[in-house]
> 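Let me give you the structure first, and then I'll get to my questions.
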Amino acid sequence: MPELPEVETVRRGLERHLLGRTVLRAEVRRPDLRGPLPPNMAEDLTGRRFVALERRAKYLVIRLDDGKVWLVHLGMTGRFSLSPTDPGEPQKHDHVLLWLDDGGHAAFNDARRFGSMDLFPGEELKGHRSLRSLGPEPLSPDLSPESLAVVLEGKKTPLKSALLDQRVIAGLGNIYVCEILHRAGLSPRRAAHTIVGKGGRPTPRVERIVEETQAVLSEAIEAGGSTLKDFSGVDGALGYFPHSFRVYGREGEPCPSKGCQKTIERIVQSGRSTFFCPSCQR
DNA sequence: CTTACACCCTGCTCGC
DNA sequence: TGCGAGCAGGGTGTAA
């Protein structure tokens with residue numbers, strides 16, 4: 001479930017509690033998430049200090065003092081539980097446990113095991129299989145109307161599917177794509193190339209997508225940050241902020257757009273639910 | 001190259 | 001109260 005804002009919130013929580021800490025002991029309780037964990041991960045983490053906590057798309061990029069990177073993806077249900085002391089008995093679905101040099105404790109918990117981890121030399125980061133084909137970070141200058149128009153040019157796939165493609169914009173998921181398209185007034189069913197101008201030039205519609213993408217993500221990160229008061233932040237941060245969604249999960253409710261009298265509908269596109277207003281999204 | 005779709009997994013909700 | 005069906009959707013692998 002976590003999309004970019006949720007992962008960013010987790011990153012900030014980890015940065016607060018892990019940065020500068022050394023791992024005294026690590027334990028892998030279940031070595032198979034979506035794929036196998038890197039061999040000897042517990043041994044390789046032991047004695048290491050966390051020197052940077054970064055994010056790329058929905059990946060956590062955790063840099064260690066020996067130059068290696070611990071790459072973590074939360075999948076659907078992955079989360080870190082942090083506590084200032086050893087909580088004793090592990091929780092159900094705690095797959096990786098860390099004991100830190102300040103007495104703190106971290107547990108990676110993932111009920112559905114859609115998460116993934118890797119551990120490799122930092123120089124390999126850019127070329128890593130999971131990262132090399134990612135598109136621009138949406139909150140960086142790499143995403144612009146010009147760059148987005150070029151990528152969408154000629155794409156016949158529905159706009160909804162295009163925006164979910166991590167090669168188009170890195171870090172968007174089903175929920176925020178629905179929100180972005182509603183705010184931009186664009187139909188999720190429209191073929192992606194139909195909003196691009198001649199010669200792959202941006203149009204006002206492309207500009208709107210970029211604006212609303214940045215607005216939605218920034219607002220969500222801000223909302224997430226406000227929940228990061230203490231240890232419970234990283235713990236509980238994976239809750240979205242459901243009351244702030246305008247269309248996601250609101251099938252049958254009135255469209256929130258000013259003056260729009262229609263009702264939010266749900267359709268399925270490439271196996272995912274799409275929530276949208278057929279009247280004000282064109 | 002592009003596009004589409006099945007698969008992995010568990011917890012929760014819903015209807016009977 | 002139990003129980004099965006359906007749903008949730010990240011990323012990846014495969015096929016057309």
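Numbers restart at 1 for each chain; the letters A, B, ... are given by sequence-line order, proteins then strands.
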> Under 6.0 Å from the CZ atom of A:Arg48, do we count more than 12 heavy atoms belonging to anything else shown?
yes

> Under 3.5 Å, is there a donor-acceptor pair between the A:Lys160 and A:Asn174 side chains?
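A donor-acceptor contact under 3.5 Å links the two side chains.
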
> Heavy atoms only, 4.0 Å cut-off, all strands: where does A:Gly271 land among base, sugar-phosphate and nothing?
nothing

> For residues A:Ser147 and A:Asp142, report the shortest heavy-atom separation together with the two atoms involved.
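Closest pair (atom of A:Ser147, atom of A:Asp142, distance): OG-O, 3.1 Å.
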
> What is the minimum heavy-atom distance between A:Met76 and A:Arg112, and which atoms define it?
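Minimum heavy-atom separation between A:Met76 and A:Arg112: CE-NH1, 4.0 Å.
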
> Side chain of A:Pro158 only, please: which of B:dT2, B:dA4, C:dG10 is the nearest?
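Of the candidates, B:dA4 comes closest.
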
> Could you pull out the closest heavy-atom pair between A:Arg11 and A:Glu54, with the gap in Å?
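Heavy-atom minimum between the residues: CD-C, 3.5 Å.
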
> Could you tell me how far apart A:Arg132 (CZ) and C:dG11 (P) are, to the nearest whole angstrom?
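In whole Å, C:dG11 P and A:Arg132 CZ are 15 Å from each other.
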
> Under 4.0 Å from OP1 or OP2 of B:dT3: is there any side-chain N or O of A:Lys156 that close?
no

> So, OP1 or OP2 of B:dT10: does either fall under 4.0 Å of a side-chain N or O from A:Lys92?
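So the side-chain polar atoms of A:Lys92 never come under 4.0 Å of the phosphate oxygens OP1 or OP2 of B:dT10.
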
> With nearest nucleotide decided by heavy atoms, which residue, A:Ser270 or A:Ala111, maps closer to the 5′ end of DNA chain B?
A:Ser270

> Could you check whether the side chain of A:Arg112 and the base of B:dC9 have a donor-acceptor pair of N or O atoms closer than 3.5 Å, going by distance alone?
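Yes.
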
> Measure CG/A:Asp32 against C1'/B:dC9 and give the value in whole Å, please.
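So the two atoms are 11 Å apart, to the nearest Å.
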
> Rounded off to whole Å, could you give me the CZ-to-P distance for the A:Arg34 and B:dT10 pair?
15 Å

> Where the side chain of A:Met76 is defined as all heavy atoms beyond and including C-beta, which of C:dG10, B:dG11, B:dC9 is the nearest nucleotide?
C:dG10

> From the list B:dA4, C:dT12, C:dA8, which nucleotide is the closest neighbour of the side chain of A:Arg266?
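Nucleotide nearest to A:Arg266's side chain: C:dA8.
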
> At under 4.0 Å between heavy atoms, what does A:Ser130 touch on the DNA or RNA strands: base, sugar-phosphate, or nothing?
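Answer is sugar-phosphate: A:Ser130 comes under 4.0 Å of backbone atoms only.
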
> Starting from P on B:dT10, measure out to CG on A:Leu74 and report it in whole angstrom.
18 Å

> Between A:His73 and C:dG10, does any side-chain N or O lie under 4.0 Å from OP1 or OP2?
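False: A:His73 side-chain N/O out of range (4.0 Å or more) of C:dG10 OP1/OP2.
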
> Starting at atom CZ of A:Arg189, determine the distance to atom C1' of B:dA4, rounded to an integer number of angstrom.
19 Å

> Using a heavy-atom cut-off of 4.0 Å across all strands, would you classify A:Arg272 as base, sugar-phosphate, or nothing?
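Base contact.
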
> Give the nucleotide from the list B:dA4, B:dG11, C:dG11 with an atom nearest to the side chain of A:Thr157.
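Taking heavy atoms from C-beta onward, the closest nucleotide is B:dA4.
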
> For A:Lys58 and A:Arg129, take the nucleotide of DNA chain C holding the closest heavy atom to each; which residue's nucleotide lies nearer the 5' end?
A:Lys58

> At 4.0 Å (heavy atoms only), tell me whether A:Ser273 reaches a base, stays on the sugar-phosphate, or touches nothing.
sugar-phosphate

> Could you tell me how far apart A:Gln166 (CD) and C:dG10 (P) are, to the nearest whole angstrom?
8 Å

> What is the distance from CG of A:Leu4 to P of C:dG11, rounded to the nearest Å?
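Checked: the CG to P distance equals 11 Å.
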
> Are OP1 or OP2 of B:dC8 and a side-chain N or O of A:Arg113 less than 4.0 angstrom apart?
no

> Determine whether more than 12 heavy atoms belonging to other residues, nucleotides or ligands lie under 6.0 Å from atom CZ of A:Arg167.
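Not more than 12 within 6.0 Å, no.
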
> What's the CG-P distance between A:Leu33 and B:dC9, to the nearest Å?
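Those two atoms, CG and P, are 12 Å apart.
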
> Does B:dG11 have its OP1 or OP2 closer than 4.0 Å to a side-chain nitrogen or oxygen of A:His93?
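Checking A:His93 against B:dG11: at least one side-chain N or O falls below 4.0 Å of OP1 or OP2.
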
